Novice: 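Pasting a structure here, questions to come.
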Amino acid sequence: MVGMRLVLKKSEADLEKIINPENLPYHIAIIMDGNGRWAAEKGLPRFEGHKQGVETVRSTVRHCNELGIKIVTLFAFSTENWKRPPREVNYLMSLPEKYFDTELPELIRNNVQVRQIGESSKLPSGVRKAINKGYEATKANSGMILNFALNYGSRSEIIMAVNNLIDAAVSGRIRGRVTEKLFSEYLYTGDMPDPDLLIRTSGEQRISNFLLWQLAYCELWFTDTYWPDFSRKDLLEAVYDFQQRKRRYGKV
Ligand code: V07
C-alpha cells in the first residue's frame with residue numbers, strides 16, 4: 001500500500017543510541033497517574049500502588065539525572081486529592097518523609113536540588129517539616145532541580161499570582177502594565193523555564209489543572225503504562241518522541 005511503513009518497536013538499547021544528547025527537553029513535567037489501578041488489577045490495596053509509585057519516583061529521578069535533564073516537576077498531590085478517603089490521604093501525607101528518609105543521601109550525592117510548588121501552608125506540619133528538611137539539605141546543590149507539586153492547583157496558583165500582583169501594585173512595588181514575563185515571575189515556577197515535555201501515565205489524556213500557564217507550548221506525551229510500571233525505556237521513548245517533533249511556538 002502506498003505510503004504505508006512498517007515501524008519496528010525500538011528496544012531500550014536502540015533508543016539510547018538514537019537519542020540526541022544535544023536536543024533533550026530541558027524541563028520535564030510528569031503527571032504520575034495509575035497507582036490505584038495498578039494495585040486494583042493486582043488485587044492489592046491502593047496504598048500498595050502508592051508505595052510502588054514512590055519507587056518509580058526514585059528510579060525516574062535517577063534516570064532523568066543520568067540523561068542530563070535539568071528540571072523535573074512531579075505532580076504528587078493535587079488540591080483535589082483531599083477529597084479521597086481520609087486513610088488514603090494520611091498515607092499519601094507520610095510519603096514525603098519516607099522518600100527523604102531513604103533518598104536524601106543519594107539526592108545530595110547527585111547534586112539534585114529539591115523544591116516544592118503548591119500551597120504548603122495548608123499541609124500538615126509534619127509534611128512541611130519533611131519538605132523543609134529536603135529543601136535545606138539540597139538548596140546549595142547546583143545540578144538537576146526536582147520540583148514536587150504538592151497541594152498544587154494551577155487555577156489557584158494563577159489567582160495567587162493575580163492577588164500578589166495587585167498587592168505589589170497598590171503598595172507601589174511595581175509600576176506600569178503587567179507583562180507575560182512579569183506575570184510568570186509571580187507563579188511558583190517564577191525562576192524556571194516552562195516545561196518542554198509533559199508525560200502523563202495511565203491512559204488519561206488531560207491536563208487536570210496542572211501548570212496551565214506553563215504548558216502553553218509544551219509537547220504532550222501520553223502512555224497507557226501505570227505509574228508504578230513506568231520504566232527507563234518509557235522515559236527514553238517519551239524523549240525520543242519529543243525529538244521527532246517540530247516545535248513551532250505558533251510560527252510556521
Ligand atoms: C507520592 C508517589 C508517586 C505517585 C503519586 C502519588 C503517591 C514522592 C513524594 C514527595 C513529595 C514531596 C517531597 C518529597 C517526596 C510524594 C505524595 C505522594 C503526596 F518533598 N512520592 N509521593 N508525595 N506518591
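Owing to the predicted nature of the structure, the values given are computational and were not obtained by experimental measurement. Just so you know, these numbers use all the heavy atoms, side chains as well, and skip hydrogens, waters and symmetry mates. Order of listing sets the numbers, starting from 1, for every ligand and every atom in it.
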Novice: Which residue supplies the protein heavy atom nearest to atom 4 (C) of ligand 1, what is that atom called, and how far is it?
Specialist: Asn35 ND2, 3.4 Å
Novice: Under 4.0 Å from any heavy atom of Ile131, which atoms of ligand 1 are there?
Specialist: 20 (F)
Novice: Is the Phe148-Tyr99 ring centre distance short of 6.0 angstrom?
Specialist: yes
Novice: Heavy-atom distance to atom 11 (C) of ligand 1: which of Phe148, Tyr135, Phe75 wins?
Specialist: Phe148
Novice: Please identify which atoms of ligand 1 are closer than 4.0 Å to at least one heavy atom of Phe100.
Specialist: 13 (C), 14 (C), 20 (F)
Novice: With a 4.0 Å heavy-atom cut-off (strictly under), which part of Leu92 contacts ligand 1: side chain, backbone, both or neither?
Specialist: both
Novice: Numbering the atoms of ligand 1 from 1, which are under 4.0 Å from a heavy atom of Tyr99?
Specialist: 14 (C), 15 (C)
Novice: Counting heavy atoms only, which part of Thr56 comes closer than 4.0 Å to ligand 1: side chain, backbone, both or neither?
Specialist: neither
Novice: Return the closest protein heavy atom for atom 1 (C) of ligand 1 as residue, atom name and distance.
Specialist: Leu95 CD1, 3.6 Å
Novice: Give, for atom CG of Asn147 and atom OH of Tyr188, the distance between the pair rounded to the nearest 0.5 Å.
Specialist: 12.5 Å
Novice: Counting heavy atoms only, which part of Val54 comes closer than 4.0 Å to ligand 1: side chain, backbone, both or neither?
Specialist: both
Novice: Could you measure the distance from the CD1 atom of Ile199 to the CD atom of Glu219? Nearest 0.5 Å is fine.
Specialist: 12.0 Å
Novice: Roughly how far, to the nearest 0.5 Å, is CG of Asn81 from OH of Tyr152?
Specialist: 13.5 Å
Novice: Taking 4.0 angstrom as the limit and counting only heavy atoms of Ala76, give me the atoms of ligand 1 inside it, by number and element.
Specialist: 6 (C), 16 (C), 17 (C), 18 (C), 19 (C), 23 (N)
Novice: Assess whether atom CZ of Arg58 is packed by more than 12 heavy atoms of other residues, nucleotides or ligands within 6.0 Å.
Specialist: yes
